[in-house]
Every structure is written in C-alpha cells, then in structure tokens.
Amino acid sequence: MKLTILGGGGFRVPLVYGALLQDHAEGRVTHVVLHDLDPARLSAVTRVLAEQAAGVPDAPEVSATTDLDEALRGADFVFSAIRVGGLEGRANDERVALAEGVLGQETVGAGGIAYGLRTVPVAVDIARRVARLAPDAWVINFTNPAGLVTEAMSRHLGDRVIGICDSPVGLGRRIARVLGANPKEAWIDYVGLNHLGWVRGLRVAGRDELPRLLADPDLLGSFEEGKLFGVDWLRSLGAIPNEYLHYYYFNREAVRAYQQAEKTRGAFLHDQQARFYAEMRNPDAPAWKVWDQTRAEREATYMAENRETAGAGERDEDDLSGGYEKVALALMRAIARDERTTLILNVRNQRTLSVLDTDAVIEVPCLVDANGAHPVTVDPLPDHATGLVCAVKAVEREVLAAADSGSRATAVKAFALHPLVDSVNVARRLVEGYTEVHPGLTYLR
C-alpha cells in the first residue's frame, strides 16, 4: 500500500513514519513517498527516517520527489501536511497581526485567516490533482487551518478527504487520565470546529464521568485545561474547552503575552528548525538524535505564552508525545482493513449540527470503516458555543469565497467578521500588511 506525504520534508514526518514502523499487520503501508518543494529538506528527513528504520524488519520503503504528479500517481492514501510560505510566513502572520493589536496565531484569528488565504488555492490544486491522478485515494489532511482546508478540498473530493487534529485526542486523554479511566474505553462527547470545540461528557461503561470532574475543584485544577482556563470558568461553562479556546476566552491577555514575548511561536520554530536543517547538511551528524532533541524542545514550549499568562506552569511529561500520527494511522487502518473504530475527525456536517449546512466541515466523533468516516449524532451546542461556531464558520466561508474569486474586498470582510478582530479599519490594514509580506497573496485584487 502506497502512502504519499505532502510536505514530506517537514519536521514532524518522522512521527508518522515511526507509527508506520510499529504496524506489522497485513495490508499495511509498504511504500512511503515524500513530496516537498525543497530538495534539501527532503534529504534531511530521508536521513532521519533511514536511521529510524535501522534494524526494523520490513520497514516501509521510502522514496522522495519534488514532482507532485509523480508523488500522487497510484497513491492509496495521501497525507497532506504542507506549509505554504513556510515558517517565515507563519512568523509574518504573527508579526503583522500583533502590530495591529490582534492575535496572529497560526489557526486562530487574523493569523489563521492569512494562513488560510494563501493555503486554500494550493490545497484546491492538490485536490484536483488527486481527483485526476489517484481518484481512489483517501486524503488525510493535517494542513492548517485544518477544518477550513479540509472543507476547501472536500468541494473537489467529497468525503474522501478527512481532516485530523491531535488536540481533541490529547484533551480526551487528559480528562480520562485524571478521572482514572482508560482513554481507549471512554466515549468522548466532543463537538465544534477544528480548534474550537468542547468536551461535554466522557462516558465510561455508559456512565458520564464529567460531572464528577466538574464537581471536584482539586481534580479539575490538576490537569492542563484546568490550569489554563481556571476551575471557576470551567465550572461556569459546564464543559472542558479545547485549549485553543484560551485565545477567545482570554484574548486580551494572550495578545499581551505574545507582544511581550522575546519571540513569537512562529519565529521560535523558524529559528529552531533552521538550526536542525542546517545541522543535517553535515553528513556526519546523527540525524535521528538531532531530530529527537529538537522535537522534545518543540513540544515542551507548545503554547508557552498561554500557560505563562494563566500561571499553568510546565507541560506534563505525558503531554509531550504528540498524537496526530496515531490518529492518522488509526484512520488509515480503519479504512484500508475495515477495522471499525471511533475517532474525532474533521468531516462534512451532513445533518450532525442543525445550525450548519450539510457541507460545513465540523470536528466530531466519527464511526470509521472501509467506506470512510461517518459523523455520529450529537446533542445541540449551548447558545454561547453555537454563536461562536456559527461566527467562525461564516468567516471560513468568506475566506473560501475570497480564495475562489481573488476579491480583496471579500478578504477584508473575512478579517472584519472574525470575533477577535475589532474594527473594519484594522481588517483593511491587515489585508494591506499581509499582501505586502506574502507573495502567495498577490492574487487578491
């Protein structure tokens, strides 16, 4: 079985390959094709994978190419983890937004809109190529903003594109752990959009254990989200929000922390990964060791500004291992082998949330089998969550419209309508700022 990884020179590719190395069942991935526009990055990652596979019998064959059509042709699965504009683009997203006093985070607010505007046209081109060159392939999208990009691709691939994210998985795991439950045996009632969702229940053997957590202040304050949001606010919500909702609920504090930070997250990762790829130019460098040390630093500093604002302290060691690669592998297994499972995924709404249309991509538990991912029926969201979900989905639709039409006015509208952008004039200046620093936005006119 052939897996093509788009963004194959990306830093986190060894996580995916590591998951594949642990899979020895029949029908597993036997050939991994890495595609990237940067041959040096491809070379670096290929070296890491070779050391990673040393001594592993029947490790999947790895090849690399800069030719997109060659990479896609004959693929059974396509894993999309591209970063249009690179980490320099992410750093610029943050810088332009913060200069206007608004959030520039990669997927939330102004930064997420900018990232979406330059990513959607590329993702749509990929979707069209997949439909032509590998019509039977399943596309697993991790490219951010994951929900928005998945929806753009779904207009050309239908339900054969599925978005994944490790945030809901990590959140459910932390809640189950603090309740003394096995995450594999828990049903997580999670619903929303990507990076905008809430856990409203966690059922073990048919019993909802979340009320027990909410009723115990010591227990509730003992894990990441309790420290990040505060016990009182979680009890007021009656739910546990995805960590990215900290940018909404504590926006002023988050913006201030980012403005005062020595480096934004994008700038930090840009410099960190530049060092890694530079070191990989040394043929004697221990590729796997250097990569693993860089990964550990990356994970430990994740959302550091938010944790500092909330006084949440360091991340727990159990939360430093990522998880999206496990979701990707579980999804591929379920489809390729009809190993039925339940995963929280980004899929088309169908009739799951009545406040959104059937084509809107949402993030919910899905039953997965050989025919793909099927969202389960969920209870309606409370009014406060419904309002936020509908507002952000409306912004995503404006981003898609701007990317399709090239309309600068529609791009301004997308920024202006976002709950975290407080002025139409700010929205106009953001579009001006982003078009100046991003060659990928020259299509806006």
- Item | salt bridge (charged side-chain N to carboxylate O under 4.0 Å, His left out) evaluation trace for Arg90 with Glu88 | CA-CA 5 Å; Arg90 177 174 177 176; Glu88 182 179 359; over 6 Å; no

- Pairing residues for Arg28 by the salt bridge (Lys or Arg N to Asp or Glu O under 4.0 Å) criterion, not counting sequence neighbours: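 Arg28 satisfies salt bridge (Lys or Arg N to Asp or Glu O under 4.0 Å) with no other residue.
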
- Can you name the salt bridge (Lys or Arg N to Asp or Glu O under 4.0 Å) partners of Asp76, sequence neighbours left out?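 Testing Asp76 for salt bridge (Lys or Arg N to Asp or Glu O under 4.0 Å), a comparison that skips the adjacent residues, returns none.
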
Using a strict cut-off of less than 4.0 Å between a Lys/Arg side-chain nitrogen and an Asp/Glu carboxylate oxygen, indicate whether [X] and [Y] qualify as a salt bridge.
X	Y	result
Arg333	Asp338	no
Lys393	Glu396	yes
Arg256	Glu253	no
Asp357	Arg397	yes
Glu209	Arg207	yes
Asp379	Arg200	no
Asp23	Arg337	yes

- Would you check, one step at a time, whether the test salt bridge (charged side-chain N to carboxylate O under 4.0 Å, His left out) holds for Arg83 with Glu106? CA-CA 11 Å; Arg83 180 174 290 281; Glu106 179 185 26; 2.6 Å; yes

Rounded to the nearest 0.5 Å, how far does [atom2] of [Y] lie from [atom1] of [X]?
X	Y	atom1	atom2	answer
Arg155	Asp359	CZ	CG	8.0 Å
Arg295	Trp291	CZ	CH2	5.5 Å
Arg265	Asp93	CZ	CG	15.0 Å
Leu3	Leu20	CG	CG	6.0 Å
Leu220	Leu210	CG	CG	8.5 Å
Gln273	Thr294	CD	OG1	8.5 Å

Got a donor-acceptor contact below 3.5 angstrom from the [X] side chain to the [Y] backbone?
X	Y	result
Arg235	Leu214	yes
Arg160	Ala137	yes
Asn141	Gly163	no

- Message: Is it the case that the ring center of Trp198 lies less than 6.0 angstrom away from the ring center of Tyr190?
- Response: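 They do not qualify: ring centres at least 6.0 Å apart.
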
- When the aromatic ring centroids of Phe415 and Tyr434 are compared, is their separation below 6.0 Å?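 Here the rings of Tyr434 and Phe415 have centres that are less than 6.0 Å from each other.
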
- Do Arg203's NZ or CZ and the ring of Trp187 fall within the cation-pi criteria of under 6.0 Å and 45°?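 Geometry flag: not set, cation outside 6.0 Å or 45°.
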
- Mind telling me whether Phe250 and His246 have parallel, tilted or perpendicular rings, with 30° and 60° as the class edges?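 Rings of His246 and Phe250: parallel, as their planes differ by under 30°.
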
- Task: Applying side chain to side chain contact (heavy atoms under 4.5 Å, CB included) between Val139 and each of Leu6, Ile162, Val161, report the one that passes.
- Result: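 Exactly one option meets the side chain to side chain contact (heavy atoms under 4.5 Å, CB included) with Val139, and it is Val161.
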
- Item | Test log, rule side chain to side chain donor-acceptor pair (under 3.5 Å), inputs Glu94 and Gln105 | CA-CA 6 Å; Glu94 296 164 336; Gln105 201 275 335; over 6 Å; no

- Determine whether more than 12 heavy atoms belonging to other residues, nucleotides or ligands lie under 6.0 Å from atom NZ of Lys413.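 Count not over threshold, so no.
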
- Worked check of side chain to side chain donor-acceptor pair (under 3.5 Å) between Thr65 and His35: CA-CA 5 Å; Thr65 179; His35 172 268; over 6 Å; no

- Task: Could you go through the side chain to side chain donor-acceptor pair (under 3.5 Å) check for His374 and Asp369 one step at a time?
- Result: CA-CA 8 Å; His374 317 283; Asp369 57 22; 3.0 Å; yes

- Task: Evaluate the criterion salt bridge (charged side-chain N to carboxylate O under 4.0 Å, His left out) for residue pair Arg174 and Glu224; output intermediate values, then yes/no.
- Result: CA-CA 8 Å; Arg174 286 189 290 275; Glu224 178 83 357; 5.8 Å; no

- In a check of side-chain hydrogen bond (donor to acceptor under 3.5 Å, both in side chains) between Gln272 and each of Arg298, Lys263, Glu297, which one passes?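 When Arg298, Lys263, Glu297 are each tested with Gln272, the side-chain hydrogen bond (donor to acceptor under 3.5 Å, both in side chains) holds only for Glu297.
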
- Going through the distances and angles, do Asp36 and Thr66 end up as a side chain to side chain contact (heavy atoms under 4.5 Å, CB included)? CA-CA 5 Å; Asp36 204 283; Thr66 57; 6.0 Å; no

